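Written out below as structure tokens is the structure these notes cover.
This is a predicted model, so every value here is computed, not measured. Labels below follow one simple rule: chain letters A, B, ... track the order of the sequence lines, proteins then strands, and each chain is numbered from 1.
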There are 2 protein chains.
Amino acid sequence: MPKPADVEQREARILDAAATLFVHYGFDKTSVADIAREAGISKGAIYLHFESKEALFEALLLREMQSYAAEWLARVEADPAGGTLGGMYRNVLHALNASPLMAALFKQDRRLLGAYLRNPQAALRSRTHGSMRHELIDLLQQAGAVRQELDPVIVAHIMNMLAYGLVAMDEIMDPADIPPTEALIEGIADLMDRALTPPDGGDSAAGKAVLQQIYSQARQQLADAVQKGQNHD
Amino acid sequence: MPKPADVEQREARILDAAATLFVHYGFDKTSVADIAREAGISKGAIYLHFESKEALFEALLLREMQSYAAEWLARVEADPAGGTLGGMYRNVLHALNASPLMAALFKQDRRLLGAYLRNPQAALRSRTHGSMRHELIDLLQQAGAVRQELDPVIVAHIMNMLAYGLVAMDEIMDPADIPPTEALIEGIADLMDRALTPPDGGDSAAGKAVLQQIYSQARQQLADAVQKGQNHD
DNA sequence: TTATGACCAAAAATATATTTACGGTCATAT
DNA sequence: ATATGACCGTAAATATATTTTTGGTCATAA
């Protein structure tokens, strides 16, 4: 049966509270009691909605993935050049940069993810979340949005390197020496377009179609995962 | 007075032994006694050549920087396209990839650098070693080896991001999923050339001249640093 | 002179005991 | 039916004592 609106609302409140605290203090240093307090309910109530602290965290991650993907697609749709490689990547990077949780997942942030990373059963611990897969580049290539002569595996990996650099570079250098994110993302997107887009400018419409396809696939998988995660009452 | 050849030779032996052990076990888990044994001399003899374990490590790092820089220049000289951005960067990446110590310094590897990193007085702890500086891009731009319309600060940073990705990506993903280094470096250099080199192909000779200039500057600074590090007997 | 390795103080690692904090439950209240 | 928070066992953090390792020295040997 579908979930009543007020329950949904309360779960959202809990997840909001959890998001704030987890991002700020990390998984280990955020207690369930803390989350309850932040959400303005009792500790017991949390367990009426989530099986465990870990399940709560995973529900949060799934929600974040959904909004990450949705945000990405929305940006791509709104951007005339959203179907070109540069346009697509610009929007991925913006979405990634705007989501501390996705960024943490992508860079396997030990501080934020804490014990969740150490748990071998953690479903979302896998290292591929938020990353560019070469199958996508392949499709974009077939759609004429990426130069034919390039190796999709290499291209995808380079894009992942840049995404990693965007979120992790502050670990090896003084943040004051890092250019403003906005300008950096523009620079990267510009680089991508110059180097990877076909000379004719690429077929942005076809590129968007591919992205939509990928998006609905991903959305389905996420929905299934959410469904599966809810078998507990 | 200049150092006798046999002393120089022995110091090289010590540094060789130290390099092997430090790279393998890291700074913390390599003892001075270990180094002495590996070098085939007594522990006391080490202290005839180096003030402390840390001074030894720094001497090793300086030697490595010198050979790193020399290797880089040699590669650039040998490469007809060595003066273009792509050519230059290809050779930097090869040099970086070939030197575990430089890579560790660049990525601030806590395992390898260990306590050396924690010491606030460590001269070479600074985060800029091995990295691309925007002044260099500036010069290359003036020499006509890089497109005029690009922002040197952004370009330099993107290059650093890619170098970081090259040496650090294995921390967030399964090494089996990382493309072969050789192919990856080629892909990156190719990307650089496509995106950053002027349409006319760039002035490789002028680029090389700039690199030589930078090299001799750096060499001088390193020599001074080595000199300064030797005021102890 | 130059090199050695036993030696030392100090730090790091290990072991043990003790306290605190936390995830999760459930009798009770609303 | 839903929500609460006192409660419980355990795991993590802290404190303490004990052992081992290590960077560095120096009297002695070559």
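- Between B:G40 and A:A33, the one whose closest nucleotide on DNA chain C sits nearer the 5' end is B:G40.
- Counting to the nearest Å, the P atom of C:dG23 and the CZ atom of A:R37 are 12 Å from each other.
- Partner of A:P152 under the side chain to side chain contact (heavy atoms under 4.5 Å, CB included) criterion, out of A:L139, A:L140, A:L136, A:D138: A:D138 alone.
- When the shell of 6.0 Å around OH of B:Y25 is examined, it contains 12 or fewer heavy atoms from other residues, nucleotides or ligands.
- The side-chain tip of B:K53 does not point at the ring of B:Y47 from less than 6.0 angstrom away and within 45° of straight on.
- Between the CG atom of A:D6 and the C1' atom of D:dA3 there is a distance of 13 Å, given to the nearest Å.
- Closest-nucleotide positions on DNA chain C for A:K29 and A:G44 were compared, and the one nearer the 5' end corresponds to A:K29.
- Comparing A:I41 and B:T30 by the nucleotide of DNA chain D that holds the closest heavy atom to each, the one mapping nearer the 5' end is A:I41.
- If you measure from atom OH of A:Y47 to atom P of C:dC22, you get 12 Å, rounded to the nearest angstrom.
- Atom pair B:F50:CZ and D:dG23:P shows a separation of 15 Å (rounding to whole Å applied).
- Among D:dC7, C:dG5, D:dT4, the nucleotide with an atom closest to any side-chain atom of B:S42 is C:dG5.
- In this model, the phosphate group of C:dT2 is not approached by any side-chain N or O of B:R10 to a distance below 4.0 Å at OP1 or OP2.
- Comparing atom distances between the A:S31 side chain and each of C:dG23, D:dA3, C:dT4 picks out C:dG23 as nearest.
- Taking atom CZ on B:F27 and atom C1' on D:dG23, their separation rounds to 10 Å, with Å as the unit.
- Between the CG atom of B:L21 and the P atom of D:dG23 there is a distance of 12 Å, rounded to whole Å.
- Comparing D:dA3, C:dT4, D:dT25 against the side chain of A:L48 picks out D:dA3 as the nearest.
- The NE2-C1' distance, from B:H49 to C:dT1, rounds to 13 Å in whole Å.
- Here C:dA6 is the nucleotide among C:dG23, C:dA3, C:dA6 with the atom lying nearest to any side-chain atom of B:K43.
- Rounded to an integer number of Å, the gap from CG of B:N119 to C1' of C:dA11 is 15 Å.
- Test A:L113, A:L61, A:L105, A:L117 against A:R125 for side chain to side chain contact (heavy atoms under 4.5 Å, CB included) and you get one pass: A:L117.
- For A:K53 and C:dG23, the shortest distance from a side-chain N or O to OP1 or OP2 is below 4.0 Å.
- The aromatic rings of B:Y164 and B:F106 sit perpendicular, their planes meeting at an angle over 60°, well past the 30° parallel limit.
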